[in-house]
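Just below is one structure, and these are the notes that go with it.
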Amino acid sequence: LKQVFNKDKTFRPKRKFEPGTQRFELHKRAQASLNSGIDLKAAVQLPSGEDQNDWVAVHVVDFFNRINLIYGTICEFCTEKTCPVMSGGPKYEYRWQDDLKYKKPTALPAPQYMNLLMDWIEVQINNEDIFPTRVGKCKEEVL
């Protein structure tokens with residue numbers, strides 16, 4: 001298990017919500033609903049009186065954390081040799097472009113693509129202009 005949770009590989013620590021904040025309470029509500037076995041459609045509905053941007057932000061962060069955990073369990077089996085292309089089956093190939101190092105869409109081995117993707121998502125989630133940690137400060141045009 002040490003290999004799965006090695007933060008230098010693919011696992012990133014969960015973003016924490018400060019206890020006592022509205023985001024913390026929304027996170028607790030989301031966790032409780034997802035772990036209770038109830039209808040998923042009901043679980044993701046905006047609770048009455050809550051801010052839509054805060055609710056979406058909490059679910060984006062939770063989704064990222066869950067995907068990171070899932071990917072962490074399979075990353076040792078998907079190497080550059082066994083997964084030389086990032087694809088979605090035989091009909092779809094994903095290419096990386098970030099306008100920094102990869103200025104044009106570039107085919108990459110799946111592990112390299114996933115590492116770049118997870119790093120990019122983490123930067124977005126940690127960007128206070130996109131996902132502020134203070135409630136009510138979300139930019140409307142981003143979400």
Side-chain angles (χ1 to χ4, degrees), residues 1-47 50-135 137-143:
L1 281 177
K2 283 183 182 180
Q3 199 170 18
V4 171
F5 295 105
N6 180 348
K7 74 175 191 162
D8 294 329
K9 292 215 174 240
T10 57
F11 179 76
R12 305 292 192 272
K14 288 185 174 186
R15 182 168 180 188
K16 304 271 192 241
F17 298 103
E18 289 292 318
T21 64
Q22 184 179 12
R23 286 247 176 114
F24 180 77
E25 294 305 316
L26 288 172
H27 173 71
K28 281 188 353 187
R29 191 180 305 174
Q31 287 299 107
S33 63
L34 290 174
N35 293 331
S36 69
I38 65 169
D39 177 28
L40 287 178
K41 185 176 179 181
V44 297
Q45 285 182 340
L46 177 67
E50 299 296 345
D51 181 76
Q52 182 177 8
N53 289 328
D54 289 333
W55 186 243
V56 169
V58 165
H59 283 285
V60 167
V61 172
D62 283 342
F63 185 69
F64 172 72
N65 289 332
R66 290 170 194 266
I67 292 297
N68 233 338
L69 285 172
I70 291 168
Y71 180 64
T73 63
I74 65 165
C75 67
E76 69 181 271
F77 303 106
C78 184
T79 65
E80 291 190 11
K81 185 177 180 181
T82 61
C83 302
V85 175
M86 181 65 188
S87 68
K91 293 185 178 184
Y92 301 98
E93 180 179 317
Y94 298 96
R95 296 178 177 216
W96 185 259
Q97 180 178 359
D98 58 17
D99 295 328
L100 299 172
K101 183 177 179 183
Y102 301 95
K103 297 193 185 293
K104 294 182 180 181
T106 305
L108 298 172
Q112 187 178 354
Y113 182 97
M114 286 302 298
N115 284 332
L116 289 168
L117 177 63
M118 297 308 262
D119 288 344
W120 181 85
I121 293 169
E122 187 173 23
V123 166
Q124 304 312 303
I125 287 173
N126 290 326
N127 182 338
E128 286 285 325
D129 290 333
I130 300 172
F131 292 96
T133 54
R134 292 189 0 224
V135 174
K137 299 293 183 186
C138 240
K139 286 187 176 180
E140 291 286 333
E141 67 273 7
V142 174
L143 296 176

> side-chain contact (heavy atoms from CB on, under 4.5 Å) with F131: which of V60, V56, D54?
Replying inline: V60
Got a second to check how far [X]'s [atom1] is from [Y]'s [atom2], nearest 0.5 Å?
X	Y	atom1	atom2	result
L46	N53	CG	CG	10.0 Å
M114	L108	CE	CG	12.5 Å
R66	H59	CZ	NE2	9.5 Å

>> Contact between I125 and F64 at the side-chain level, heavy atoms closer than 4.5 Å - yes or no?
In response: yes
Looking at residues at least two apart in the chain, or sitting in another chain, which of them share a side-chain contact (heavy atoms from CB on, under 4.5 Å) with [X]?
X	result
P84	none
I67	F63, M118
P109	E80, P111, Q112

>> To check you understand the geometry: which heavy-atom pair defines the closest contact between T79 and T82, and what is its length?
In response: N-OG1, 2.8 Å
> Which atom pair, heavy atoms only, marks the closest approach of Q97 to D99?
Replying inline: NE2-OD1, 3.2 Å
>> Ring-plane angle category for Y94 and Y113, please: parallel below 30°, perpendicular beyond 60°, tilted otherwise.
In response: tilted
> Between N127 (side chain) and V123 (backbone), is there a donor-acceptor pair under 3.5 Å?
Replying inline: no
